[in-house]
Amino acid sequence: MIKCYLGGCMSYLYKNDEYNQATQWRVQLIKKLLELNSTLGYQQFDWFDPTLNFIDNVQVANNKTVLHQNKYYLDQCDILIVNLDHINQSMGTLYEVFYCQIKGKPVIAFGDARWVNNPHLAESITIKLGTLDDVVQYLESYYAQ
């Protein structure tokens, strides 16, 4: 089984009353992964969704707690799927991308970011795709064999 970390901007969206943007794409992707597992006939893909308990945890977490939680779950995952929308306002997402790149884990990105052509970010992304459907198709093609 392959476990995917669903990375992307959260705190910035939460602070700007747009947190639904952080959760909507993750819910859509989880549904697509469930459908893919069903099509395959077995559970090939699992995930960690960092938005679970985020609103409760953000009230009490300190910097070290957040960082250690990120590292813990990133270490348990095989692939980072990252939404690049708002990445320029999300230091945590940048950390997740660089951490996975250093660990040699694939980073599958989608969405839009003006920083995507920055050499450090571009070299840390395994592949940049356009949509969630593209992400699921890529997972099926390369990681469901």
Side-chain angles (χ1 to χ4, degrees), residues 1-37 40 43-144:
M1 182 175 350
I2 294 173
K3 192 160 190 177
C4 303
Y5 188 105
L6 310 183
C9 184
M10 294 173 14
S11 296
Y12 171 81
L13 295 170
Y14 175 75
K15 291 174 187 172
N16 288 285
D17 295 322
E18 299 175 306
Y19 190 64
N20 62 322
Q21 290 182 41
T23 58
Q24 286 176 343
W25 74 266
R26 287 174 169 97
V27 169
Q28 291 172 359
L29 180 57
I30 289 167
K31 287 179 184 177
K32 291 175 185 297
L33 291 174
L34 286 168
E35 290 171 8
L36 178 55
N37 284 341
L40 294 170
Q43 187 171 353
Q44 176 67 4
F45 298 100
D46 194 8
W47 52 86
F48 172 71
D49 178 354
T51 65
L52 296 176
N53 301 320
F54 173 80
I55 293 175
D56 293 334
N57 292 344
V58 76
Q59 307 299 324
V60 296
N62 63 33
N63 291 341
K64 288 188 190 259
T65 299
V66 171
L67 185 66
H68 283 277
Q69 181 196 40
N70 287 160
K71 286 171 56 175
Y72 176 79
Y73 286 108
L74 287 166
D75 286 341
Q76 289 186 5
C77 291
D78 305 296
I79 294 173
L80 172 62
I81 299 173
V82 62
N83 183 343
L84 297 175
D85 295 345
H86 305 289
I87 198 168
N88 53 316
Q89 286 101 4
S90 183
M91 295 305 294
T93 304
L94 287 168
Y95 172 85
E96 292 163 355
V97 169
F98 298 140
Y99 187 84
C100 284
Q101 188 272 336
I102 289 167
K103 293 287 191 171
K105 296 182 182 204
V107 176
I108 303 169
F110 73 97
D112 193 26
R114 59 185 169 134
W115 290 1
V116 75
N117 293 320
N118 173 288
H120 295 88
L121 186 55
E123 289 301 313
S124 298
I125 293 172
T126 307
I127 189 165
K128 160 77 169 66
L129 302 166
T131 67
L132 284 178
D133 287 333
D134 296 336
V135 169
V136 174
Q137 183 178 359
Y138 181 82
L139 288 171
E140 183 177 14
S141 294
Y142 288 91
Y143 294 99

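- One N or O on the side chain of D134 and one on the backbone of T131 form a donor-acceptor pair closer than 3.5 Å.
- Contact between V116 and A122 at its shortest, heavy atoms only, is O-CB, 3.4 Å.
- The aromatic rings of Y73 and F48 sit parallel to each other, their planes meeting at less than 30°, with 60° as the upper class boundary.
- Between S124 and V97, the shortest heavy-atom distance links the atoms CB-CG1, 3.7 Å.
- Side chain of K105 to main chain of C77: a donor-acceptor pair is present (N/O by atom type, distance under 3.5 Å, no hydrogens or angles).
- Separating the CG atom in N88 from the OH atom in Y12 is a distance of 8.0 Å, to the nearest 0.5 Å.
- Under the 4.5 Å side-chain criterion, counting only non-hydrogen atoms from C-beta, L33 is in contact with L139.
- Although no hydrogens or angles enter the test, the distance criterion places no donor-acceptor pair under 3.5 Å between the side chain of D46 and the main chain of K3.
- Counting only distance, with no hydrogens or angles, the side chain of R26 and the backbone of P50 share no donor-acceptor pair below 3.5 Å.
- Checked options E18, M91, H86; the residue passing with C9 is H86 (criterion: side chain to side chain contact (heavy atoms under 4.5 Å, CB included)).
- Side chain of D112 to main chain of D85: no donor-acceptor pair is present (N/O by atom type, distance under 3.5 Å, no hydrogens or angles).
- How far CG of D75 is from OH of Y5: 10.5 Å, rounded to the nearest 0.5 Å.
- Taking CD1 of I2 as the reference point, atom CD of Q43 lies at 11.5 Å (rounded to 0.5 Å).
- One N or O on the side chain of Q44 and one on the backbone of Y143 form a donor-acceptor pair closer than 3.5 Å.
- Between E140 and V136 there is no side-chain heavy-atom pair separated by less than 4.5 Å.
- Between E96 and L80 the shortest side-chain heavy-atom distance falls below 4.5 Å.
- Pairing each heavy atom of F45 with each of C4, the nearest pair is CD2-SG, 4.3 Å.
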**Steps toward side chain to side chain contact (heavy atoms under 4.5 Å, CB included) verdict (L84, K128)** = CA-CA 9 Å; L84 297 175; K128 160 77 169 66; 3.5 Å; yes
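- Atom CG of residue L94 and atom CD1 of residue I87 lie 4.5 Å apart, to the nearest 0.5 angstrom.
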Under the criterion side chain to side chain contact (heavy atoms under 4.5 Å, CB included), I'd like the reasoning laid out for N83 against L29: C-alpha separation, chi angles, the key distance, then a yes or no. CA-CA 11 Å; N83 183 343; L29 180 57; over 6 Å; no
Step-by-step side chain to side chain contact (heavy atoms under 4.5 Å, CB included) determination, Y99 to K103 | CA-CA 6 Å; Y99 187 84; K103 293 287 191 171; 3.2 Å; yes
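- For the atom pair CH2 (W25) and OG1 (T51), the distance works out to 8.5 Å, reported to the nearest 0.5 Å.
- Put simply, OH on Y138 and OG1 on T126 are 6.5 Å apart, with the number rounded to the nearest 0.5 Å.
- Between V107 and C100, the shortest heavy-atom contact is CG2-CB, 3.8 Å.
- Scanning for ring-ring contact (aromatic ring centres under 6.0 Å, His included) contacts around F98 gives an empty result, with sequence neighbours left out.
- Atom NZ of K31 is surrounded by 12 or fewer heavy atoms from other residues, nucleotides or ligands within 6.0 Å.
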Discussion item. What verdict does the side chain to side chain contact (heavy atoms under 4.5 Å, CB included) test give for K32 and L132, after you've listed the backbone C-alpha separation in whole Å, the side-chain angles of each residue and the deciding distance to 0.1 Å?
Written reply: CA-CA 8 Å; K32 291 175 185 297; L132 284 178; 4.2 Å; yes
